[in-house]
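None of these values were measured; they are calculated from a predicted model. In what follows, every heavy atom counts, from backbone to side chain, and hydrogens, waters and symmetry copies are set aside. Order of appearance sets the numbers: ligands from 1, and atoms from 1 within every ligand.
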Amino acid sequence: MSEGSFSRVGVVGLGTMGAGIAEVLARGGLAVVGVEINQDALERGRGHLEKSTGRAVKRGRLTEDGQREILDRIRLTTDFGDLAECDLVVEAVPERLDLKHRVFAELDKVVRDDAILATNTSSLSVTAIAAATSRPAKVVGVHFFNPAPVMKLVEVIGTVLTEDGAVDRVAALVKGLGKTPVVIGDRAGFVANRLLFGYLNDAARMLETKHASRDDIDTAMTAGGGLPMGPFTLMDLIGLDTCLEVLEAIYAETRDRRHAPAPVLRELVTAGLLGRKTGRGFYAHDAAAAEETAQDGPPPSVAIVGDEALSRAFAAAASAVGAPTAKIENADLIVASGEEADVASIEGRAKKGAVVLSDGGLTGGGALAAHKPEKDRPLVEIGLTPVTTSASADRAAELVAALGLTPVRCRARRGYIVDALRFPYINDAVTMLDAGYADADAIDAAMTLGCGYPAGPIAEIDRLGIGRALDQLEYDPDEANSAVADRLREQWDLGLTFR
Ligand SMILES: NC(=O)c1ccc[n+]([C@@H]2O[C@H](COP(=O)([O-])OP(=O)(O)OC[C@H]3O[C@@H](n4cnc5c(N)ncnc54)[C@H](O)[C@@H]3O)[C@@H](O)[C@H]2O)c1
């Protein structure tokens, strides 16, 4: 074995994560020893490995010979003693501290003294796991994402007890396996989950307070936030029990009200509605697919007033679908923005049944506030006031959809949906940067590679503008506002960007 490298690696627990990790290691040419608790579990683990590599063969990503070589490199056993010659062991048993302690105590007895012991825990303290062993200096966290063979991100966690070099050796191994390691300190949720779950919890609270519906929040974050899936689809996929567990671990450390699990999450878990795995969570997954709503008929006639972003977006959309332009008096939809938008007078001139959308905040009459968060994305957030009727909100959504745009409805409150969810998340990322346990590259890599964000939060601040972030976060320079990250204010005061 050359200095800094590993040649024989053990994996304890061959469930969802352990089997994937064993496959990744074997694909990288390492000899792997996979340990399970009993023969039945071992056979299940073998099944995971055969299925996953078999899928790769079917998809033409692996030859049958290649599959055999990978499987041949993995020795399966129920005897912890077979780990004796490993120079690294990765533990991937269920997320319970007492169980992890028992497994590490066993490893401590049988594995060579100079070997590194790693845990794949998502939310437990690596320090607490390390401290209970007789070799705390050799314990690290190595957090793979699901599915391990596919996901590029691996968080490598060192504790205050970890010896120099251990984290670097594991990070080098991860890199050699074709993954991207990010090296960070031991904080609940590490980087990706800590940032992701604050946002997911905010979304759950947004639903609970009836700011917007489940579907509108999910649509807003995909069509307007650029995410691969909305927060409720994602929580159902992760499992609501896991979401609750991770949030509780983060909240126990931060005591930040934003991490206190939203009551709706706890209610669903108590009711046994855990998401996809039980067939129902925020969504009913066994229900027939929603019917397509066909957009028939000619596009509506549109009057555009003003030249701000909202008006320009609607002018472009109307022209793209060939919607006729009309005078205010004859238009089905009137979009008014900026200084020229005297909404009260426009409403006075509009025909009965017409919808007026404006970029103002709370609109007093029948007009609806609308917000188009990104110029190259189709989302239009329609803001409802306490006096908006559901008929006019429905009609507005219908007209927006007829122009090829994606409507969602929410209360006409600061940030609507997308900004109200993304700026606290961005603020959390800057707070994390300030706390010194992850740098900007680690944070951005964690969110793009681990959670599918199109760009990391630190890169996003520069794109969206610190001013806009401070505005959304209601930063007041005359008040000590602990919610806004100090670093965000400093960068703003100095006129600096983050990258
Ligand atoms: N599932 C995910 O999406 C995910 C993602 C990242 C990290 N994690 C973390 O990975 C770890 C494993 O999660 P999972 O989803 O793979 O769980 P899992 O339940 O699918 O697999 C756990 C496996 O450990 C085995 N096991 C239990 N006790 C054992 C023992 N004493 N010795 C040997 N094997 C034992 C079980 O038989 C089972 O096969 C947890 O710490 C979890 O937090 C999970």
Side-chain angles (χ1 to χ4, degrees), residues 10-24 32-49 51-52 74-83 86 89-111 117-126 128-129 139-157 174 179 182 186 188-194 196-197 200 234-250 274-277 446 449-452:
V11 178
V12 182
L14 297 170
T16 309
M17 293 310 294
I21 295 167
E23 180 185 330
V24 170
V32 180
V33 181
V35 185
E36 258 296 350
I37 191 156
N38 56 39
Q39 202 56 38
D40 282 353
L42 196 67
E43 290 315 316
R44 274 199 305 277
R46 192 191 308 279
H48 289 316
L49 287 162
K51 200 165 151 201
S52 169
I74 307 172
R75 186 171 145 214
L76 299 175
T77 173
T78 54
D79 182 358
F80 270 65
D82 290 338
L83 295 167
C86 289
V89 178
V90 180
E91 164 278 313
V93 302
E95 190 79 332
R96 286 191 354 243
L97 191 58
D98 61 328
L99 177 60
K100 306 257 184 203
H101 275 153
R102 278 212 307 279
V103 167
F104 272 77
E106 191 64 26
L107 293 176
D108 222 4
K109 272 191 262 160
V110 299
V111 183
L117 304 183
T119 173
N120 186 51
T121 181
S122 299
S123 55
L124 298 173
S125 156
V126 180
I129 293 170
V139 176
V140 300
V142 57
H143 186 222
F144 283 81
F145 287 69
N146 187 18
V150 177
M151 299 296 283
K152 288 277 175 235
L153 180 73
V154 180
E155 294 176 321
V156 182
I157 301 109
V174 166
K179 307 277 181 195
V182 302
D186 186 22
F190 311 129
V191 175
N193 283 348
R194 177 101 158 211
L196 179 70
F197 279 88
L200 293 176
L234 181 57
M235 282 189 271
D236 271 7
L237 192 66
I238 294 170
L240 304 190
D241 49 344
T242 302
C243 292
L244 187 60
E245 190 177 274
V246 173
L247 274 167
E248 275 173 343
I250 299 174
L274 307 183
R276 257 178 198 285
K277 60 185 165 191
L449 301 176
C451 305

Would you check whether H143 has a nitrogen or oxygen atom less than 3.5 angstrom from a nitrogen or oxygen atom of ligand 1? no
**Request:** Taking the side chain as every heavy atom from C-beta outward, state whether F190 and I250 have any atom pair closer than 4.5 Å.
**Result:** no
The reported gap from CG in L274 to CG in L240 (rounded to nearest 0.5 angstrom) is 6.5 Å
The protein heavy atom nearest to atom 28 (N) of ligand 1 is I37 CD1, 3.7 Å
For atom 10 (O) of ligand 1, the closest protein heavy atom turns out to be N120 ND2, 3.0 Å
For atom 21 (O) of ligand 1, the closest protein heavy atom turns out to be G15 CA, 3.2 Å
protein heavy-atom neighbour closest to atom 5 (C) of ligand 1 works out as M17 SD, 3.5 Å
For atom 15 (O) of ligand 1, the closest protein heavy atom turns out to be T16 CB, 3.8 Å
#### Entry: Steps toward salt bridge (Lys or Arg N to Asp or Glu O under 4.0 Å) verdict (D236, K277)
CA-CA 8 Å; D236 271 7; K277 60 185 165 191; over 6 Å; no
Ligand 1 atoms nearer than 4.0 angstrom to some heavy atom of T121 are 41 (O)
task = Please indicate, with yes or no, if any protein heavy atom is found under 4.0 Å from atom 24 (O) of ligand 1?
result = yes
Would the distance check show the side chain of K109 and the main-chain N or O of G81 forming a donor-acceptor pair, the cut-off being under 3.5 Å? no
Quick look: V103 vs ligand 1, heavy-atom contacts under 4.0 Å, and the answer is side chain
When every non-hydrogen atom of P149 is compared with those of V24, the smallest separation belongs to CA-CG2, 3.6 Å
If you scan protein heavy atoms around atom 19 (O) of ligand 1, the nearest is P94 CG, 4.2 Å
Atom 40 (C) of ligand 1 sits nearest the protein heavy atom V93 O, 3.3 Å
So does A128 get a backbone contact from the side chain of H101, meaning a donor-acceptor N/O pair under 3.5 Å? yes
| request: State plainly whether the residues K100 and E95 are in salt-bridge range, i.e. N to O under 4.0 Å. | output: yes
Atom 6 (C) of ligand 1 sits nearest the protein heavy atom F144 O, 3.3 Å
Counting from 1 in the order shown, the ligand 1 atoms closer than 4.0 Å to a non-hydrogen atom of K100 are 40 (C), 41 (O)
* Does a donor on one side chain sit under 3.5 Å from an acceptor on the other, for T78 and E36? -> no
A student comparing A92, A41, G45 should find that the heavy atom closest to atom 22 (C) of ligand 1 comes from A92
Note: F145, heavy atoms under 4.0 Å from ligand 1, region reported as neither
One finds that the ligand 1 atoms under 4.0 Å from a non-hydrogen atom of S122 are 6 (C), 7 (C), 8 (N), 9 (C), 42 (C), 43 (O), 44 (C)
Interatomic distance, CG@L99 vs CG@L97, rounded to 0.5 Å, equals 9.5 Å
Backbone or side-chain N or O of E36 under 3.5 Å from ligand 1 N or O: yes
Backbone N or O of S52 within a donor-acceptor pair of the E23 side chain at under 3.5 Å?
no
Nearest heavy-atom contact between G18 and V11 is O-CG1, 3.5 Å
